[in-house]
Number of protein chains: 2
Amino acid sequence: MSEPRLNNHQPRQADYPKAAVDVLIFSIRDLGLKIVLIKMKKPPFAGVWTLPGGLVRLNESIDQAAVRELEEKTGLKNVYLEQLYTFGDVKRDPLSRVISVAYFALINSEGISLQTTPKYSAIDWFNVKELPTLVYDHSEMLKVALQRLRAKLQYTNVVYNLLPPTFTLGELRRIYEIMLDCQLDKRNFCKKFLSLGLLKSTDLRREGPHRPAQLWSFKQRTPTIVEIL
Amino acid sequence: MSEPRLNNHQPRQADYPKAAVDVLIFSIRDLGLKIVLIKMKKPPFAGVWTLPGGLVRLNESIDQAAVRELEEKTGLKNVYLEQLYTFGDVKRDPLSRVISVAYFALINSEGISLQTTPKYSAIDWFNVKELPTLVYDHSEMLKVALQRLRAKLQYTNVVYNLLPPTFTLGELRRIYEIMLDCQLDKRNFCKKFLSLGLLKSTDLRREGPHRPAQLWSFKQRTPTIVEIL
DNA sequence: TCAAAAGTGTTCGGCGTACACCCATGC
DNA sequence: GCATGGGTGTACGCCGAACACTTTTGA
């Protein structure tokens, strides 16, 4: 596995690319699909928004690095991350040679607050349709993530990650409509989703000037492959 | 992006993990699904089989690294590689900390010969059902690749990579049967595949003691998403 | 009584699946 | 003439798609 050396004209640790992780956290908020970004403080990228992420260390797996970076830079814990894709163009980071493994997750962000480190000047949710300019190839990462997300919604039960413990079929359908950016027929959606047998009914919710809604919860909150739509 | 330093107890270039690529080349040969492996020469892995691969260099993208490593270690050129998954457990390589981006491709290997470098003692095709012991986490990579391959056969036209320019519907079906490890109904398969409109008929092939077969070719040999089975 | 969201059934067409026999050829 | 793979059509059932009205409540 020893490789031909390049000329030693680079500083320490620069003879090979470094590895990093970047994390895309999605959630449904205010009837839109949002993502967590943090704002950089140091030149040359001061004021620019970026995905939370950082270099992989020697003593941690890349999965662990993603979890650690997510917690350090956003405060989010216990999030189930899934590997998305690895980005390795030579110039993706103009300042140094970094290969980045992107991870993503869906979360329910009700009552959750974000907190970044002093190294960044802000952290916030952004609607994926109205994003600021992002550093590096982070827009590309988002594009890939959205594709994958939409695909996974249709053949897995990942949607449970976005939902609170109980919810109405209307809320469930609204999530699909937001994520897939389309309208879904109410009757067909309910019929199909209930026929999958993933849900169990719980209470009734009476609120607002309309008929009370049946509340449902997922029988199992574990990743499963199912043909949903 | 500067990171806390670990203790400087490691040699040069070991303060961060290195990045590598590994390549899984699949082909149908002798009615079986085969993969290219090379045999290691140097201790401590002398005599053990491995996937072709190696470290990513500073001045190349990871995609380019995969292409370069594939050519260097197998002689294969002009292969369309697709990124599979990135493997980054701390102990996946017991000797050094390496994160590996796996790539895969399907090729038609008729009339193609393999040739590795003097650093390896052999190169050969192996049936994926009768593999020797592999180094590192290469068996895991194969497992992931097979899953992905089977999935992609069903919703894309990737199969064209396995086929010669012209082929019979029987040959096409046989490939699906081998890859999916199941029997497919001849009439339904033909009906479905032809209805996709991906093929155009060319000549007749008369050979062997049976009715001549219609030969087909793909109208386009470019990646396309289609619901096939 | 009005506005708002919840809940519910039927019809139709298309597609996947199961299934069996004749065809053209080389030997 | 026989063995070998090539080629073809129909019937049925299920599922996805389209589509509208009634229910319950709060204000």
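Below, chain A is the first sequence line, B the second, and so on; all start at residue 1.
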Practice task
Output yes when A/Glu177 and A/Lys186 qualify as a salt bridge under the 4.0 Å nitrogen-oxygen rule, no when they do not.
Solution key: no

Problem - B/Leu229 CG - C/dA18 P separation (whole Å) - result: 13 Å

Exercise for the section: Would you please indicate if the ring centroids of B/Phe45 and B/Tyr136 are separated by under 6.0 Å? Expected result: yes

Exercise for the section: Establish, from distance only, whether the side-chain atoms of A/Thr86 and B/Thr86 form a donor-acceptor pair under 3.5 Å. Expected result: yes

Completion exercise
Footprint ends on DNA chain D, 5' to 3', for atoms under 4.0 angstrom from a heavy atom of chain B, come out as D/dA3 to D/dT10

Exercise for the section: Using a strict cut-off of less than 4.0 Å between a Lys/Arg side-chain nitrogen and an Asp/Glu carboxylate oxygen, indicate whether B/Lys129 and B/Asp181 qualify as a salt bridge. Expected result: yes

Handout entry: Step-by-step salt bridge (charged side-chain N to carboxylate O under 4.0 Å, His left out) determination, B/Glu130 to B/Lys34
Key = CA-CA 9 Å; B/Glu130 307 153 7; B/Lys34 311 272 180 139; over 6 Å; no

Handout entry: 5' priority, DNA chain C, between B/Lys186 and B/Glu227 [closest heavy atom]
Key = B/Glu227

Handout entry: Atom-pair distance (CZ on A/Phe189; P on C/dT8), nearest Å
Key = 15 Å

Fill in the blank from the handout: Rounded to whole Å, CZ of A/Phe167 lies from P of C/dA6 at a distance of 14 Å

Practice task
Taking atom types as modelled, find out whether A/Ser109 and A/Arg29 have a side-chain donor-acceptor pair closer than 3.5 angstrom.
Solution key: yes

Problem - Short side-chain donor-acceptor distance under 3.5 Å, B/Asp89 and A/Ser61 - result: no

Handout entry: Separation of atom CG in A/Leu31 from atom C1' in C/dA5, rounded to whole Å
Key = 14 Å

Problem - Separation between CG of A/Leu76 and CD of A/Gln115, rounded to the nearest 0.5 Å - result: 10.5 Å

Practice task
Name the orientation class of the two ring planes belonging to B/Phe218 and B/Phe167 (parallel below 30°, tilted from 30 to 60°, perpendicular beyond 60°).
Solution key: tilted

Distances under 3.5 Å between nitrogen or oxygen atoms of protein and nucleotides 9-13 of chain C:
from	atom 1	to	atom 2	distance (Å)
C/dT10	O4	A/Lys191	NZ	3.1

Problem - Nucleic acid contacts - residues 196-212 of chain A versus DNA chain C, non-hydrogen atoms under 4.0 Å - result: A/Pro209, A/His210, A/Arg211, A/Pro212

Handout entry: Euclidean distance, A/Ile25 CD1 relative to A/Leu37 CG, rounded to 0.5 Å
Key = 11.0 Å

Practice task
In sequence, state the C-alpha distance, the side-chain angles, and the governing distance for B/Glu82 and B/Lys152, and then conclude on salt bridge (charged side-chain N to carboxylate O under 4.0 Å, His left out).
Solution key: CA-CA 12 Å; B/Glu82 179 172 329; B/Lys152 292 208 75 157; 2.8 Å; yes

Practice task
Please report, rounded to the nearest Å, how far the P atom of C/dC15 is from the CD1 atom of B/Ile228.
Solution key: 16 Å

